[in-house]
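Some notes on the structure that comes next.
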Number of protein chains: 2
Amino acid sequence: MKLSRDTLLPRLAAHVLEHGLGGASLRPLAKAAGTSDRMLIYHFGNKETLITELLGHIAAIYSGALDAALGGERAKTRQECAERILAVGSQPAMQAFLVLWWDIVAGAARGVPGYRAAARQMMTQQLEWLERQMPEDDPDPAGGARFLMTAIEGTLMLSAVGHEDTAREGLLAGGLLPS
Amino acid sequence: MKLSRDTLLPRLAAHVLEHGLGGASLRPLAKAAGTSDRMLIYHFGNKETLITELLGHIAAIYSGALDAALGGERAKTRQECAERILAVGSQPAMQAFLVLWWDIVAGAARGVPGYRAAARQMMTQQLEWLERQMPEDDPDPAGGARFLMTAIEGTLMLSAVGHEDTAREGLLAGGLLPS
DNA sequence: CTGTCTATGTAGCGGTTGCTACAAAAGTGC
DNA sequence: GCACTTTTGTAGCAACCGCTACATAGACAG
């Protein structure tokens, strides 16, 4: 069976979404993709560019998932907008993404080559998605989207470390969720 | 020279703050602490409990750093409060903490044993610190602190992935920073 | 059919991983 | 001084790491 990067990447992405980036070493990756470590190096040259390309691919998948989650019409209020994006984030299919996301953020913060670009791309995508969701009559859709974005990302982080209550009460106090 | 856990932990923490948790393996850790991998296992039993105790120690250091950064008097407004905590986060000495922080968040999200507890503890500490900083006349100090907290954490995350502009504009649009 | 280029398998290299077996030194209590 | 416990050094194990050398199989061009 003839395998190329393009056939490999989705399988690699699936494995990484399940097991994380931290312990992603060539032999398990290869096994999950139906090849050998030998062939991964053959196709990608070395592990670093493999990971870089893989992160790019995952960012594209994420973009597609956001589009698929996009309901036809805009939200009526900022509160509804916040609820929608939080609902997207709590879908089971998104959980694997979220767990992987913090790996990517950690890599980006430490300056590991491909990570920052992939993370930036995913955040840009989410920001655009959010802007399209903003209420039509919002006085400042661009700023409002960025404000929501900041609060949502904080909520996700606090939730990741067991402070979902703190985040929820914060959103309530800030008027971003209906009481 | 006789070394115990208590003398070891600060040196281990220094090494981890500089090089991250991801690549923290016994031999480099031991070298940085002036011992051997053999002795690390002797003192801590295995790597997992070493990391767990180390994370607890780092959380305590973080707590102390926050206290040291605490100015005597409270802030006058929520905006000033936000500016203060963002200023603390941008201190050079805090950068290493921040980079390490995302490692911890990633571990917590994936469910690695000691990570979630340490992360929770550090966030609880920061929340208490923030509550003490809230303006005296604030109508809802508890809720306001949680709201600020959520926005601040979102800002830190966006900054980590190269979206500091997005975060800044968001805080401005949300009235959390003076324009 | 033959040469050439691409795709793949097998084996292995030098290095690192967490951890252990064994022994010796260094206290410590009597 | 002697038994005993705590602390430490040396060596090594089996597993894994990224990566490479070498051989081979197949596709395709002439």
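Quick note on labels: first sequence line is chain A, next is B, and so on, each numbered from 1. Values below: every heavy atom of this structure, side chains too, minus hydrogens, waters and symmetry copies.
- Grouping Ile, Leu, Val, Met, Phe, Trp and Tyr by side-chain contacts under 4.5 Å, direct or through others, leaves A:Val99 on its own.
- Every side chain to side chain donor-acceptor pair (under 3.5 Å) that B:Arg5 has, sequence neighbours left out, goes to B:Glu53.
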Compile the donor-acceptor pairs under 3.5 Å between side chains in residues 103-112 of chain A and protein atoms, sequence neighbours left out, one pair per line.
{"residue": "A:Asp103", "atom": "OD1", "partner": "B:Arg110", "partner atom": "NH1", "Å": "3.3"}
{"residue": "A:Asp103", "atom": "OD2", "partner": "A:Leu21", "partner atom": "N", "Å": "3.2"}
{"residue": "A:Asp103", "atom": "OD2", "partner": "B:Arg110", "partner atom": "NH1", "Å": "2.5"}
{"residue": "A:Arg110", "atom": "NH1", "partner": "B:Asp103", "partner atom": "OD1", "Å": "3.3"}
{"residue": "A:Arg110", "atom": "NH1", "partner": "B:Asp103", "partner atom": "OD2", "Å": "2.5"}

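- A salt bridge is absent between A:Arg168 and A:Glu164: the closest approach of a Lys/Arg side-chain nitrogen to an acidic carboxylate oxygen does not fall below 4.0 angstrom.
- For the pair B:Tyr42 OH and C:dA23 P, the computed distance is 18 Å after rounding to whole Å.
- Counting non-hydrogen atoms under 4.0 angstrom, B:Thr35 reaches nothing in the nucleic acid.
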Residues 139-150 of chain B, side-chain donor-acceptor partners within the protein, below 3.5 Å, at least two apart:
{"residue": "B:Asp140", "atom": "OD1", "partner": "B:Gly143", "partner atom": "N", "Å": "3.0"}
{"residue": "B:Arg146", "atom": "NE", "partner": "A:Glu169", "partner atom": "OE1", "Å": "2.9"}
{"residue": "B:Arg146", "atom": "NH1", "partner": "B:Glu131", "partner atom": "OE2", "Å": "2.7"}
{"residue": "B:Arg146", "atom": "NH1", "partner": "B:Ala142", "partner atom": "O", "Å": "3.1"}
{"residue": "B:Thr150", "atom": "OG1", "partner": "B:Arg146", "partner atom": "O", "Å": "2.7"}

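- Atom-to-atom, CE of A:Met39 to P of D:dC19 comes out at 15 Å; the value is rounded to the nearest Å.
- Listed by residue number, there are no residues of residues 107-118 of chain B with a heavy-atom contact under 4.0 Å to DNA chain C.
- Side-chain nitrogen and oxygen atoms of A:His43 include at least one within less than 4.0 Å of the OP1 or OP2 phosphate oxygen of C:dT8.
- Note: CG (A:Leu50) to C1' (D:dG18) measures 12 Å, nearest angstrom.
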Contacts table for residues 33-43 of chain A: side-chain donor-acceptor under 3.5 angstrom, sequence neighbours left out:
{"residue": "A:Ser36", "atom": "OG", "partner": "A:Met39", "partner atom": "N", "Å": "3.4"}
{"residue": "A:His43", "atom": "NE2", "partner": "A:Leu3", "partner atom": "O", "Å": "3.0"}

Side-chain donor-acceptor distances from residues 58-66 of chain A under 3.5 Å, at least two apart:
{"residue": "A:Tyr62", "atom": "OH", "partner": "A:Gln126", "partner atom": "OE1", "Å": "2.7"}
{"residue": "A:Ser63", "atom": "OG", "partner": "A:Gln125", "partner atom": "NE2", "Å": "3.2"}

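- The NE2-P distance, from A:His19 to D:dC16, rounds to 14 Å in whole Å.
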Detail all sub-3.5 Å separations between protein N/O atoms and N/O atoms belonging to nucleotides 11-19 of chain C.
{"residue": "C:dT17", "atom": "OP1", "partner": "B:Ser25", "partner atom": "OG", "Å": "2.1"}
{"residue": "C:dG18", "atom": "OP1", "partner": "B:Lys47", "partner atom": "NZ", "Å": "2.6"}
{"residue": "C:dG18", "atom": "OP2", "partner": "B:Leu26", "partner atom": "N", "Å": "2.8"}
{"residue": "C:dG18", "atom": "N7", "partner": "B:Arg27", "partner atom": "NH2", "Å": "2.6"}
{"residue": "C:dG18", "atom": "O6", "partner": "B:Arg27", "partner atom": "NH2", "Å": "2.9"}
{"residue": "C:dC19", "atom": "OP2", "partner": "B:Lys47", "partner atom": "N", "Å": "2.8"}
{"residue": "C:dC19", "atom": "N4", "partner": "B:Asp37", "partner atom": "OD2", "Å": "2.6"}

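- Each ring-ring contact (aromatic ring centres under 6.0 Å, His included) pair with one or both residues in residues 4-29 of chain A, not counting sequence neighbours, appears once here: A:His15-A:His19.
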